[in-house]
Number of protein chains: 2
Amino acid sequence: MSNNDENKGEACHRSRCPVSCLLELIGDKWTLLVVRDLLFDKHTFKELQSSPEKIPTNILADRLKRLEHSGLVRREQYQERPKRYAYHLTEKGQDLNPVMESMILWSNKHIPETYKLEDILNLGSE
Amino acid sequence: MSNNDENKGEACHRSRCPVSCLLELIGDKWTLLVVRDLLFDKHTFKELQSSPEKIPTNILADRLKRLEHSGLVRREQYQERPKRYAYHLTEKGQDLNPVMESMILWSNKHIPETYKLEDILNLGSE
DNA sequence: CCACTTACTTCCATTTTGCAAGTGACTAGA
DNA sequence: TCTAGTCACTTGCAAAATGGAAGTAAGTGG
C-alpha cells in the first residue's frame, strides 16, 4: 500500500450509483459470507474457514484484507504468544445487517429449503 | 422452457444458507446493476448497455441469460420486424427491491457523493 | 446499393479463482 | 530435544471468468 492508496478509502468508482459503489466492496460470491460469519460471532481465521461453504484460505485472506482496507472490518490481536488475530466488524460493517436481513427474507421466500433466521441462530449454538 | 429446466431452477447449492444461495444468483459485480436498471425502467439491451458503468456486451448477454434461467427476468419480443427483445423482472426479480433499497441506504450513509434515491429518479427522466 | 441500428457473438489477453501444498511461529507431550 | 500439532496465513499453478474490441445477423431508411 502506497501513500497514494491511503488518502482515499476507495479507488475511483465506476459511477456515483450507490448500488454500484457497494458492489465494488462486496460484489462477489464470498465477501458477504465473511460478513455474515462475523455478524454471527465467528471471529478467527479458523472459524471463518470452517463455514459450510468452505471458502479457500487464500480467498479468505484476500477478502479479509479488502474488508479491512475498506473499513468494514478491524483486525486485532487477541493473544500475545503465539500471536493470534481476530476480526471484528466496524460500525460500518455492522450496518450491512439490514442488507443481510433483506437478503435472508428474499431467499426464504423464493428458494426452498433455505434456513430461516432462527435456524441459523440455533445452528450457531450447537 | 422445458419441464426439465424448471424443476431445477438452480444447480446444487454450496449450503442451505439463504445468503449463500442468493449470492449464487447475484454474487458478482454486474448482475445487481442489471436488476437495478430493470427496476428503473430500462428494458432493452441497448438501454442496459448504456448505463454509466459501461457493462461489456458479452457480460450483459451472459447475465441476462443467467437471470432468465434463474427466473428473475423474462425476455420478451416487443416488435416483430425487425425482431426486438425487451427484458422485464418477474415478481421474483421485483422482490429484490428491498435488498436494493437497503443497499442504497447503506451507501448513502457510508459512501460520500453517492446518489440518493431521488437523484436516481431525476436522472432517469432526463 | 450503402449506411445505420439493434442485439447480440466471437476472439483473446489479462485477471481472478480454487485447490493443494507449504511456511512460520509457537505449544504441548515423550 | 525430538516430534507432532495448531493457527494463520502464503505460494504455485491450472482452470475459469472478465473485459475490450471487433464481428455478425437481421433488419430499416434513403
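Residue numbering restarts at 1 for every chain, and letters A, B, ... go by the order of the sequence lines. What you see below is based on every heavy atom in this structure, not just the backbone, and it leaves out hydrogens, waters and symmetry mates. Keep in mind it's a predicted model, so treat the numbers as computed, not measured.
Computed from coordinates, the B:Leu60 CG to D:dT18 P distance equals 13 Å when rounded to whole Å. In this structure, B:Leu33 places its CG atom 11 Å from P of D:dG19, rounding to the nearest Å. Between B:Glu24 atom CD and C:dG18 atom P there is a gap of 11 Å when expressed in whole angstrom units. Between A:Arg66 atom CZ and C:dT17 atom P there is a gap of 6 Å when expressed in whole angstrom units. Distance B:Gln79 CD to D:dT28 P: 9 Å, rounded to the nearest Å. The CD-C1' distance, from B:Glu68 to C:dA7, rounds to 14 Å in whole Å. Summarising the geometry, the separation between CD on B:Glu47 and P on C:dC8 is reported as 13 Å, rounded to the nearest angstrom. With rounding to whole Å, B:Ile55 atom CD1 is found 13 Å from D:dA17 atom C1'.
When atom types are taken as modelled, the side chain of A:Thr90 and the backbone of A:Leu72 share a donor-acceptor pair closer than 3.5 angstrom.
Neither OP1 nor OP2 of C:dT16 sits under 4.0 Å from any side-chain N or O of A:Arg63. B:Trp30 has a side-chain polar atom (N or O) that falls below the 4.0 Å cut-off from OP1 or OP2 of D:dG19. When the side-chain nitrogen and oxygen atoms of A:Tyr87 are compared with OP1 and OP2 of D:dC9, one or more of them lie within a distance under 4.0 Å. Of the side-chain N and O atoms in B:Tyr85, none sit less than 4.0 angstrom from OP1 or OP2 of D:dA26.
Toward the 5' end of DNA chain C, the nearer of the two residues A:Asp62 and A:Arg81, judged by each one's closest nucleotide, is A:Asp62. Taking for each of B:Lys65 and B:Lys46 the nucleotide of DNA chain C with the nearest heavy atom, the 5'-most of the two is the partner of B:Lys46.
Using a 4.0 Å cut-off between charged nitrogen and carboxylate oxygen, A:Asp28 and A:Arg63 count as a salt-bridge pair. Between A:Lys29 and B:Glu24, none of the side-chain N atoms (NZ, or NE/NH1/NH2) sits under 4.0 Å from a carboxylate O, so this pair counts as no salt bridge.
Among the nucleotides C:dT17, D:dG19, D:dC9, the one closest to any side-chain atom of B:Ile59 is D:dG19. Among the nucleotides D:dA8, D:dG27, C:dG18, the one closest to any side-chain atom of A:Arg75 is D:dA8. Closest contact between the side chain of B:Arg84 and the listed nucleotides C:dA21, C:dA7, D:dA21 involves C:dA7.
A donor and an acceptor atom never sit less than 3.5 Å apart when one is taken from the side chain of B:Thr44 and the other from the base of C:dT6.
Of the residues B:Arg75, B:Glu47, B:Glu76, the one that meets the side chain to side chain contact (heavy atoms under 4.5 Å, CB included) test with B:Tyr87 is B:Arg75.
At a threshold of 4.0 angstrom between heavy atoms, the contacts of A:Lys29 are confined to the sugar-phosphate backbone, with no base atom among them. Looking at heavy-atom distances under 4.0 Å, B:Asn58 makes contact with a base. Across all strands shown, B:Lys54 has no heavy atoms under 4.0 Å from either base or sugar-phosphate atoms.
Cation-pi contact between A:Arg36 and A:Trp30: absent, since separation from the ring centre below 6.0 Å together with deviation from the ring axis within 45° is not met.
For the residue pair A:Ser102 and B:Ser102, a side-chain donor N or O sits within less than 3.5 Å of a side-chain acceptor on the partner.
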